[in-house]
Structures are given as C-alpha cells and as structure tokens.
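For reference, the structure discussed in these notes is given below.
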Amino acid sequence: MPVAEGIAATFGSLCEAVVHDYRRPERSVVAIAGAVTHRSVGGAMSEIGMGMLARGDAAADELNYLTRTQDGKLVKSSTMLLRDSGGAVFGALCVNLDITAVQQAGALLGELAGVAAPAADVPTTTFGDDMESVLASVVDAYQLRRNRPWSELDRPARLELFRDLDERGVFALRGAVPQVAARLGISRASAYTYLAKSRDRAAPRPGPDTPPGAPA
C-alpha cells in the first residue's frame with residue numbers, strides 16, 4: 001500500500017507502517033512496510049489491536065505510546081483508526097518507530113551529565129504472525145501478574161482473569177476460547193463456563209466465541 005510505504009520511506013529503516021483490517025482479526029495485517037516487529041502480510045494483530053477491537057466504534061486513536069517487543073526493542077507507536085463513511089471502525093494504520101538507540105543514547109548522556117533518569121515501566125507486547133502466540137503471551141502475562149498459576153487461583157480470580165481477557169477483546173477472535181483453554185490446561189467446556197459466568201454482571205459481548213446458548 002503506497003501510504004505505508006511512503007511513511008516507512010520517510011522515517012527510514014527504524015520505522016514500520018502497518019495497515020490492519022479489523023474485519024479479519026486473526027490475519028489482520030493487509031499491508032506492511034519496514035521490519036520493526038518482523039511481521040508480514042497475513043499476520044495477526046497484537047494485544048493493542050485486540051483492545052481496539054473490543055471497544056468497537058467507541059475506540060479512539062492512540063498516539064505516541066511506548067511498548068517493548070519480546071526481543072527488547074523500545075518502540076514508540078501510534079495507532080490511527082480507519083472508519084467507513086458511517087463512522088464504523090474497520091481497520092487501523094499503525095506506525096512503529098524503533099527508538100531503542102535513542103533511549104540508550106539519552107541514558108548515556110544523562111549519566112555523563114550526572115543525571116540518573118528513572119527506568120521507564122514499559123509493557124512488553126507480542127507481535128506475531130500467528131494469533132496463537134499472541135494469545136499465549138496475553139494469558140501468560142495475566143498469570144505472571146498474579147504470581148500464581150491457574151491451578152492456584154480461586155474462583156473469583158479465575159473469573160476475573162476471563163473478564164479481563166474479554167475486556168481486552170481476546171474472545172472476539174475466532175477460536176480464542178479453545179486456545180485459551182489449552183494454554184491454561186483446562187477443558188473447552190470449563191473455559192466456556194468461566195467466560196459465561198464472567199459476563200453475568202454485564203451485557204454479553206457478541207462474537208465468534210460467544211458460548212453456546214448465550215444471548216448475542
């Protein structure tokens with residue numbers, strides 16, 4: 001796509017521009033220029049994209065936020081939503097700029113000047129060509145934050161985990177429930193039950209993985 005190629009060419013080898021089609025989230029990347037996240041056309045969206053998908057037409061652009069890739073790159077990104085003539089979100093243009101070297105240079109200059117800059121708490125984001133690796137990373141991150149594996153979580157904590165994943169847009173993806181169940185080491189039936197119970201206090205979100213029999 002000329003727009004993605006033009007952005008990447010303007011900012012050079014440390015820039016990547018990605019066009020997403022949110023109507024096919026499991027392979028949302030429809031155009032990409034640059035190689036910051038090492039994805040290709042047909043690749044899956046990240047957790048950030050899933051969050052946008054979960055908010056639907058109420059989502060807003062996210063500009064100049066920082067993430068860190070699993071291989072340690074510090075990336076400054078902007079996600080600008082694409083809408084049709086009726087205002088419905090159908091995709092996004094994402095610009096990712098690898099600022100690792102800039103951050104390292106800034107830290108070095110700070111040390112030379114005798115000023116110690118506080119370490120930034122930047123979340124690690126999984127950018128992958130397959131949805132399975134992205135979902136696995138999201139589930140693992142939630143368990144790590146609780147410092148306990150699934151087997152040691154009580155029922156409220158288990159429901160909270162499913163509610164959090166749902167709010168992140170995970171279950172809007174086709175086939176997400178079986179993949180989450182496999183990652184947690186539980187049955188599909190248990191996963192659907194936890195998802196249904198986690199939605200009891202809120203209106204169910206329709207999607208490909210709405211539990212059988214649940215209102216859509």
Side-chain angles (χ1 to χ4, degrees), residues 1-110 117 120-138 141 168-170 172-174 176 207-208:
M1 182 173 287
V3 171
E5 293 173 357
I7 292 172
T10 299
F11 291 98
S13 61
L14 297 180
C15 179
E16 173 187 87
V18 189
V19 179
H20 289 277
D21 183 347
Y22 285 174
R23 295 166 296 189
R24 37 182 252 177
E26 298 85 3
R27 53 185 192 283
S28 69
V29 178
V30 294
I32 187 166
V36 173
T37 61
H38 302 295
R39 283 175 294 176
S40 56
V41 171
M45 64 172 54
S46 68
E47 301 100 298
I48 298 160
M50 287 191 292
M52 293 282 198
L53 188 65
R55 293 190 290 275
D57 295 342
D61 295 348
E62 294 194 15
L63 307 176
N64 293 324
Y65 57 89
L66 294 178
T67 57
R68 194 179 299 279
T69 64
Q70 289 190 311
D71 61 0
K73 292 177 183 174
L74 185 64
V75 180
K76 184 172 77 168
S77 303
S78 288
T79 299
M80 294 148 286
L81 296 168
L82 303 176
R83 299 176 184 270
D84 63 20
S85 59
V89 173
F90 68 86
L93 170 63
C94 301
V95 179
N96 302 312
L97 188 63
D98 181 357
I99 61 169
T100 308
V102 175
Q103 188 269 341
Q104 291 171 341
L108 176 59
L109 290 173
D121 184 15
V122 180
T124 299
T125 300
T126 299
F127 296 97
D129 272 334
D130 65 277
M131 204 69 244
E132 186 174 356
S133 64
V134 176
L135 288 177
S137 176
V138 174
R168 288 266 185 169
V170 168
L173 306 174
R174 191 173 303 279

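All residue numbers refer to positions in the sequence shown, counting from 1. Scope of the values below: all heavy atoms of this structure, side chains included, with no hydrogens, waters or symmetry mates. Owing to the predicted nature of the structure, the values given are computational and were not obtained by experimental measurement.
None of Ile7, Leu81, Thr79, Val18 except one satisfies the side chain to side chain contact (heavy atoms under 4.5 Å, CB included) rule with Leu93; the exception is Ile7.
The main-chain N or O of Tyr22 is never found under 3.5 Å from a side-chain atom of Ser28 such that the two would form a donor-acceptor pair. Proximity of a side-chain donor or acceptor of Arg83 to a complementary backbone N or O of Gly87 within less than 3.5 Å is detected. Asp57 places a side-chain N or O within donor-acceptor distance of the main-chain N or O of Val89, the cut-off being under 3.5 Å. Between the side chain of Glu47 and the backbone N or O of Arg168 there is no donor-acceptor pair closer than 3.5 Å.
Atoms NZ and NE2, on Lys73 and His38 in that order, are 3.0 Å from each other to the nearest 0.5 Å. Put simply, SG on Cys15 and CG on Leu97 are 5.5 Å apart, with the number rounded to the nearest 0.5 Å. Interatomic distance, SG of Cys94 versus CE of Met80, reported as 7.0 Å (0.5 Å rounding). Atoms CZ and CZ, on Arg24 and Arg174 in that order, are 14.0 Å from each other to the nearest 0.5 Å. Atom CG of residue Leu53 and atom CG of residue Leu173 lie 6.5 Å apart, to the nearest 0.5 angstrom.
The side-chain heavy atoms of Val75 and Val36, taken from C-beta on, include a pair separated by under 4.5 Å. In this structure the side chain of Thr67 never reaches within 4.5 angstrom of the side chain of Asn96, judged on heavy atoms. Using a 4.5 Å heavy-atom cutoff, the side chains of Ile32 and Val41 are in contact.
Between His20 and Met45 the shortest heavy-atom distance is CE1-CA, 4.2 Å. What you find for Ala4 and Ala33 is that their closest heavy atoms are O-CB, 3.5 Å.
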Margin query: Test side chain to side chain contact (heavy atoms under 4.5 Å, CB included) on Val95 and Glu16; report intermediate values, then the result.
Written below: CA-CA 6 Å; Val95 179; Glu16 173 187 87; over 6 Å; no

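Taking the side chain to side chain contact (heavy atoms under 4.5 Å, CB included) definition, one finds that Ala60 meets it with nothing, sequence neighbours left out. Not a single side chain to side chain donor-acceptor pair (under 3.5 Å) links Arg27 to another residue, sequence neighbours left out.
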